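Reading through the structure tokens given below for one structure.
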2 protein chains.
Amino acid sequence: MSRTPKLSDVAQHAGVSVPTVSRVLREVRNVDPELKDRVLLSVKALGYQPNRLAKSLREQRTGIIGYLSAGDIATFHHILAQGIQNAALDHGYAVVTGHGSTLEREMMYAKIFSGYQVDGLVVIPSSTGDPYLEELAQQIPVVEVDRTFGAYSRHSVLLDNRSAVAGAVDHLVALGHRQIGLIYGNIPVSTEVERKEGFVDRMQHHGFPLRPEHLISDGFSEEGGVRAAHQLLQLGEPVTAVVVTTNEMLAGVVRAIRSLGLSIPRDLSLIGMDDTRWVQMMEPPLTVMAQPAYEMGYEAGRLLIRSIQDQDHEEAFPRVRRLPAQLIIRQSTAPPREVPSMST
Amino acid sequence: MSRTPKLSDVAQHAGVSVPTVSRVLREVRNVDPELKDRVLLSVKALGYQPNRLAKSLREQRTGIIGYLSAGDIATFHHILAQGIQNAALDHGYAVVTGHGSTLEREMMYAKIFSGYQVDGLVVIPSSTGDPYLEELAQQIPVVEVDRTFGAYSRHSVLLDNRSAVAGAVDHLVALGHRQIGLIYGNIPVSTEVERKEGFVDRMQHHGFPLRPEHLISDGFSEEGGVRAAHQLLQLGEPVTAVVVTTNEMLAGVVRAIRSLGLSIPRDLSLIGMDDTRWVQMMEPPLTVMAQPAYEMGYEAGRLLIRSIQDQDHEEAFPRVRRLPAQLIIRQSTAPPREVPSMST
DNA sequence: TTGTAGGCGTTATCAC
DNA sequence: GTGATAACGCCTACAA
């Protein structure tokens, strides 16, 4: 007998045929109760565990989904991954994970996933031009999460970025701010594009003239945030409030504000994105738009699995699912100071 | 022809036999250069991709390793996971991930990994009594990382917890502190045990009398940190410095210190564990013992894969690999204030 | 050097 | 209701 027992071992032990054991285990068709008992006893006795590999090969489906993340290593994407994990677990799938924030790595993982015959893929895309991913997307369902380029998949689970930023703007406007700046990342990813557009739209909705110099984009990093903040805050006509679209840049903005000797929220109101711990522990705790990271992950996993199991009715599915952000008001936002040059 | 081309399709296309194609692709044995070219051309033409499932079934090894994490969702374990991912990628393995911080989920994942025939497993154990994990560990190599119960595996990659805490103590002692408190988690996990022991040993090494009331343990959470800090700081004979063994509790300790109106480091020096962003963004930035999270993950992955590929020489391997922490001095530690009651 | 045959562990199709 | 038999895609003898 081999190292681990297989169906034929159980069959021999129980004195029945291999297919009978298989049928008992899968509870398919009727099996004589007595034989069934004998089989189950033998399974217990031998400690039989089914081999998913053989099952997968035979059934032409692995029960594995891929998760390819190009996200940064901050908390948001980690929590999102938990959501996917749990959705998979709840539906009997396993997750093989890859992390690739460059096109090269994304391509490597696309090949790997393809080789492992994953049944579907959740992806936070890093680029818009991965030929392997495109090919994969034609063979199996792919769900984009967090960001989209619209190229790979028919389905996506995204934040309602426009509403999120609009909510931030509304909050600041209600406090009395009129000169509001936006700091965002300069890479053409959907989140950044939508957040910027949402900002512009909402400012116009409120009838505020839009000053191009109040929209600053820079690198998607802490350093980018530092540079953008310096640029924005050293204008002749400074803003009284700033919205920052990414957590990474937010950290840089905070550092810059400190180094300029400005006080939050006395001199400047600040709204960030993503409710991480440091945002809560800071002095003062920051007002942010919180993303439902776990829910986004779970929803992406669930949508993918439904998509896998339902490939016929595919067309009926929604293509894009938007989840709302939540404004969490802390102490980094307050009414603007009276500006002497304007009030006198 | 089936949906995706297989070896026989390539063979037919190239006008050779199946094993020839296989041999060309695996670059094993000599193949006539002309046939080889024809085969490679056909592979390209058909877009053939090997099916790992069949390969795995045949070879009795999957090239998949499991990663079971019972870690929290803070940054440390996420970075560690990146290390494992990259070690796997570098050696041609894929990673299927599970997250289970309870015994129940740990058992579920152990079964899943077993079913997928993973070649090995890296685990941050959540408990000491998972029968499925124990069984799995007898069949495939298992490496514990971050913490150990010593029950599942012969190998582990851990922080040098004793030295880490000793370094923190030394730093505080050099600043002039004598009354140093320790706040640690009250669950019997190796990290907490070792850190506490390291603290006690080092205090005794310096010849300072150890006061039991200066060693406070509480729940492994922010709330636990709050409670522990209140308990420690409201003693008759208060400490001038505190070492906190976990990031979660550290957040609670900071909150408690603030609510008590104490100033860091004027009234109290503070050293934490784990160099996360919030620790850097805080006012003042905290002095911490930084863990080499990525390296720990990579090392665990590498050790596991070596272990998988080298099952014969297994015995020669080291059982425990300790990686050093690094003291990062920021502004939460300073000499203690002169205590009037003692100096006058 | 190349091809043929058999098997990895499972499920599906058919007789019985 | 049950048991042979074939097949999933690949690799490894062994024979040609």
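These figures come from a predicted structure and were not determined experimentally. Just so it is clear: chains get the letters A, B, ... in the order the sequence lines come, proteins before strands, and each one is counted from 1.
The nearest whole Å value for the distance from the CG atom in B:Asp32 to the C1' atom in C:dT2 is 10 Å. C:dG9 atom C1' lies 15 Å from atom CG of A:Leu46, rounded to whole Å. In this entry the distance linking CD of A:Glu27 with P of D:dG1 reads 16 Å, nearest Å. In this structure, A:Lys55 places its NZ atom 5 Å from P of C:dT11, rounding to the nearest Å. Between the CD atom of A:Gln12 and the C1' atom of C:dG9 there is a distance of 15 Å, rounded to whole Å. Counting to the nearest Å, the C1' atom of C:dG9 and the CG atom of A:Asn51 are 6 Å from each other. Going from atom CD of B:Glu34 over to atom P of C:dT2 covers 10 Å, rounded to whole Å. For A:Gln49 and C:dT10, the CD to P distance is 11 Å, given to the nearest whole Å.
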Base-pair string, DNA chain D, Watson-Crick plus G-U, cut-off 3.5 Å on both distances, | for inter-strand, is ||||||||||||||.|
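Counting heavy atoms from C-beta on, the side chains of B:Leu159 and B:Thr191 never come closer than 4.5 Å. A:Leu158 is not listed as a side-chain neighbour of A:Val145, based on a closest heavy-atom distance of 4.5 Å or more. Using a 4.5 Å heavy-atom cutoff, the side chains of B:Met108 and A:Leu89 are in contact.
By the salt bridge (Lys or Arg N to Asp or Glu O under 4.0 Å) test, B:Lys36 is found to be paired with no residue, residues two or more places apart in sequence or in another chain being considered. With sequence neighbours excluded, the residues forming a side-chain hydrogen bond (donor to acceptor under 3.5 Å, both in side chains) with B:Asp90 are B:Tyr298, listed by chain and number.
Phosphate proximity of D:dC10 to B:Tyr48: present, with a side-chain N or O under 4.0 Å from OP1 or OP2. The side chain of A:Ser22 places an N or O atom within less than 4.0 Å of a non-bridging phosphate oxygen (OP1 or OP2) of C:dT11. The phosphate of D:dG3 has OP1 or OP2 within less than 4.0 Å of a side-chain N or O from A:Thr20. Close to C:dA12, at under 4.0 Å from its OP1 or OP2, lies a side-chain N or O of A:Arg26. OP1 or OP2 of D:dG9 lies within a sub-4.0 Å distance of a side-chain N or O belonging to B:Lys6.
Within the nucleic acid shown, A:Leu53 has no heavy atom closer than 4.0 Å to any nucleic acid atom. Residue contacts shown for B:Leu7 are limited to sugar-phosphate atoms, with no base heavy atom under 4.0 Å away.
For B:Pro19, whose side chain is taken as the heavy atoms from C-beta onward, the closest listed nucleotide among C:dA5, D:dG1, D:dA4 is C:dA5.
A donor-acceptor pair under 3.5 Å links the side-chain atoms of A:Asp9 to the main chain of A:Lys6, judged by distance alone.
A donor and an acceptor atom sit less than 3.5 Å apart, one in the side chain of A:Arg58 and one in the base of C:dT11. No hydrogens or angles were tested; on distance alone, a donor-acceptor pair under 3.5 Å links the side chain of B:Arg23 to the base of C:dG3.
DNA chain C is contacted by both B:Val18 and B:Ala54; B:Val18 maps to the nucleotide lying nearer its 5′ end (nearest heavy atom per residue).
Side-chain contact of B:Thr148 with B:Ser156: a donor-acceptor pair under 3.5 Å is absent, judged by distance alone. Inspection of the A:Ser22 and A:Arg26 side chains reveals an N or O donor paired with an N or O acceptor under 3.5 Å.
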